[in-house]
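Right, one structure below, let's go through it.
These figures come from a predicted structure and were not determined experimentally.
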Amino acid sequence: MKRNKISRSTIFSTQILIIVLLISCGKTVKSEKQDILVKRKIEIPEGMVLIPKNTFYQGALPSDAYAMDHEKPRHQVVVDSFLIDVTEVTNAQYSKFVEETNYITLAERPVDWDELKKQVPAGTPKPHDSLLQPGSLIFKERPDGVANLYDFSQWWFWKTGANWRQPQGPGSTIEGKQNHPVIHIAYEDAIAYCKWAGRTLPTEAQWEYAATGGEQEVQFSWGNDSDVLKKSANTYTGDFPVKNDEQDGYLGVAPVKSFPANPFGLYDMSGNVWEWTSDWYDARYYQSIKDIVVNPKGPKTSSQQIKEKVIKGGSFLCNASYCASYRISSRMGNSLDSSSEHKGFRTVINL
């Protein structure tokens, strides 16, 4: 296994025996007990856990009233064993990457008008140079309410100078927030970190199976009880986007491990920040799947005019009145050059 650069100070070289149960669907308890135990010696980096090979159902449960069409139909998937980060990549981890590589995130670079004009109507005049400055998207509550919940531009605005170092713009800092998820991360920023660390982004199937904790027929990373949401995930409690009443203890991003882990020992698989995956986004992808699939990597390209990747998990802005995207099956497409204060990532190592 390739040793990543983080391992210089954080990876311990303890060899452990991992027992992977190969349990297929439909077997009796008796036959399950007769399954072969496969023992493998795996060197597990600190801060990661092994997710054993298994078969699961990806997509929305039939009983999920919040499920959207692009989460259906539910289909059977096989995923091989892999290692995944216990938490989202933190400010401390991303700082180390930047210190060693001098990497500059997309939100810290001047806006490229030649690239931007491809995404706006033809003939759109070039904005003044003062508007084409580095920045990112910031959430703003609307105390007076909004006309409808379909126009997200009502609560998002561009903040010049906002980036992972200055989450709220000039004058803000990550000092004292080293254990918070790194945010304002565009897709290429996540990929650059993965290459440095010798890792990859999870596929959507890997991410979704990890979120289940190995349980079948679960809607959330903690189970099926929506009544314990406030104790289980960092979401938007109150009247979205009017007022967050902070009943879960947080107004914005929470430190990692602020809420209980799922059965695999993974934190924040629901809420806190959206997480990038490696899959292209196609709203009709699930409908094209006709049989059980093994280690799916998503469609060959995005169906959107502006290419998008799948993000998973929801964020501190998710609310049942709007999207309920803290559900395991929830998925959303996001353009590769988009960064915001509710978007981060975690990494995997494929075995």
Exercise. So, W156 versus H342, ring centres under 6.0 angstrom or not?
Worked result: yes
Exercise. Does H70 have its ring centroid less than 6.0 Å away from the ring centroid of Y285?
Worked result: no
[Y] and [X], any side-chain heavy atoms less than 4.5 Å apart:
{"X": "P45", "Y": "L83", "result": "yes"}
{"X": "Q206", "Y": "F82", "result": "yes"}
{"X": "Q58", "Y": "I289", "result": "no"}
{"X": "V348", "Y": "L201", "result": "no"}
{"X": "W280", "Y": "K309", "result": "yes"}
{"X": "W207", "Y": "E275", "result": "yes"}
{"X": "L266", "Y": "I84", "result": "yes"}
{"X": "L61", "Y": "N224", "result": "yes"}

Return yes if a side-chain donor-acceptor contact under 3.5 Å exists between [X] and [Y], otherwise no.
{"X": "E215", "Y": "T212", "result": "no"}
{"X": "N91", "Y": "Q178", "result": "no"}
{"X": "S136", "Y": "S339", "result": "yes"}
{"X": "Q76", "Y": "D291", "result": "no"}
{"X": "S321", "Y": "N319", "result": "yes"}
{"X": "Y103", "Y": "D189", "result": "yes"}
{"X": "T277", "Y": "E204", "result": "no"}

For this session: Show your working on side-chain contact (heavy atoms from CB on, under 4.5 Å) between L149 and W155 and close with a plain yes or no.
Result: CA-CA 10 Å; L149 290 175; W155 52 83; 4.2 Å; yes
Would you mind checking if [Y] and [X] are paired as a salt bridge, meaning a charged N to carboxylate O distance below 4.0 Å?
{"X": "K230", "Y": "D248", "result": "no"}
{"X": "K159", "Y": "E341", "result": "no"}
{"X": "D268", "Y": "K257", "result": "no"}
{"X": "E188", "Y": "R109", "result": "yes"}

Which value, rounded to the nearest 0.5 Å, describes the distance between [X] atom [atom1] and [Y] atom [atom2]?
{"X": "L137", "Y": "S340", "atom1": "CG", "atom2": "OG", "result": "6.0 Å"}
{"X": "S330", "Y": "M68", "atom1": "OG", "atom2": "CE", "result": "8.0 Å"}
{"X": "I185", "Y": "I191", "atom1": "CD1", "atom2": "CD1", "result": "12.0 Å"}
{"X": "M48", "Y": "T87", "atom1": "CE", "atom2": "OG1", "result": "10.0 Å"}
{"X": "S325", "Y": "L317", "atom1": "OG", "atom2": "CG", "result": "10.5 Å"}

For this session: Carefully, step by step, assess D337 and L106 under the rule side-chain contact (heavy atoms from CB on, under 4.5 Å).
Result: CA-CA 7 Å; D337 62 351; L106 195 61; 3.6 Å; yes
Could you give the side-chain donor-acceptor pairs of residues 235-243 under 3.5 Å, partners two or more places apart or in another chain?
| residue | atom | partner | partner atom | Å |
| --- | --- | --- | --- | --- |
| Y236 | OH | E141 | OE2 | 2.7 |
| Y236 | OH | K243 | N | 3.2 |
| Y236 | OH | N244 | N | 3.1 |
| T237 | OG1 | N244 | OD1 | 3.3 |
| T237 | OG1 | D245 | OD1 | 2.6 |
| T237 | OG1 | E246 | N | 3.4 |
| T237 | OG1 | Q247 | N | 3.0 |

Any donor-acceptor N/O pair, [X] side chain to [Y] backbone, under 3.5 Å:
{"X": "N163", "Y": "H184", "result": "no"}
{"X": "S232", "Y": "V228", "result": "yes"}
{"X": "N262", "Y": "A210", "result": "yes"}
{"X": "N334", "Y": "I311", "result": "no"}
{"X": "S302", "Y": "Y281", "result": "yes"}
{"X": "T101", "Y": "F97", "result": "yes"}
{"X": "W196", "Y": "R199", "result": "no"}
{"X": "Q93", "Y": "T90", "result": "yes"}
{"X": "R346", "Y": "D85", "result": "yes"}

Ignoring hydrogens, what is the shortest heavy-atom contact between [X] and [Y]? Give both atom names and the distance.
{"X": "I174", "Y": "P167", "result": "CG2-CG, 3.7 Å"}
{"X": "Y209", "Y": "P52", "result": "CE2-O, 3.6 Å"}
{"X": "V182", "Y": "W164", "result": "CG2-CB, 3.8 Å"}
{"X": "E208", "Y": "I328", "result": "CG-CG2, 3.5 Å"}
{"X": "A60", "Y": "A67", "result": "CB-CB, 3.3 Å"}

Any link between [X] and [Y] through a network of hydrophobic side chains (Ile, Leu, Val, Met, Phe, Trp, Tyr) touching at under 4.5 Å?
{"X": "Y66", "Y": "Y326", "value": "no"}
{"X": "V49", "Y": "F56", "value": "yes"}
{"X": "I183", "Y": "F316", "value": "yes"}
{"X": "M269", "Y": "L229", "value": "no"}
{"X": "V78", "Y": "Y57", "value": "no"}

Step through the shown structure and confirm whether more than 12 heavy atoms of other residues, nucleotides or ligands are within 6.0 Å of [atom1] on [X].
{"X": "Y322", "atom1": "OH", "value": "yes"}
{"X": "M332", "atom1": "CE", "value": "yes"}
{"X": "K307", "atom1": "NZ", "value": "yes"}
{"X": "I104", "atom1": "CD1", "value": "no"}
{"X": "F152", "atom1": "CZ", "value": "no"}

Problem set entry | Aromatic W274 / basic K312 pairing, under 6.0 angstrom, 45° off normal | no
Exercise. Y286 ring centre to R74 NZ or CZ under 6.0 Å, with the angle to the axis within 45°?
Worked result: no
Exercise. Given E71, which of R331, R327, R284 fulfils the salt bridge (charged side-chain N to carboxylate O under 4.0 Å, His left out) condition?
Worked result: R327
Exercise. Got a sec, which residues hit side chain to side chain donor-acceptor pair (under 3.5 Å) with N234, two or more places apart in sequence or on another chain?
Worked result: N272
Problem set entry | Hydrophobic cluster (4.5 angstrom, side-chain heavy atoms) - remaining members for F259 | Y250
For this session: Please lay out, stage by stage, how T347 and V89 fare under the test side-chain contact (heavy atoms from CB on, under 4.5 Å).
Result: CA-CA 8 Å; T347 71; V89 172; 4.1 Å; yes
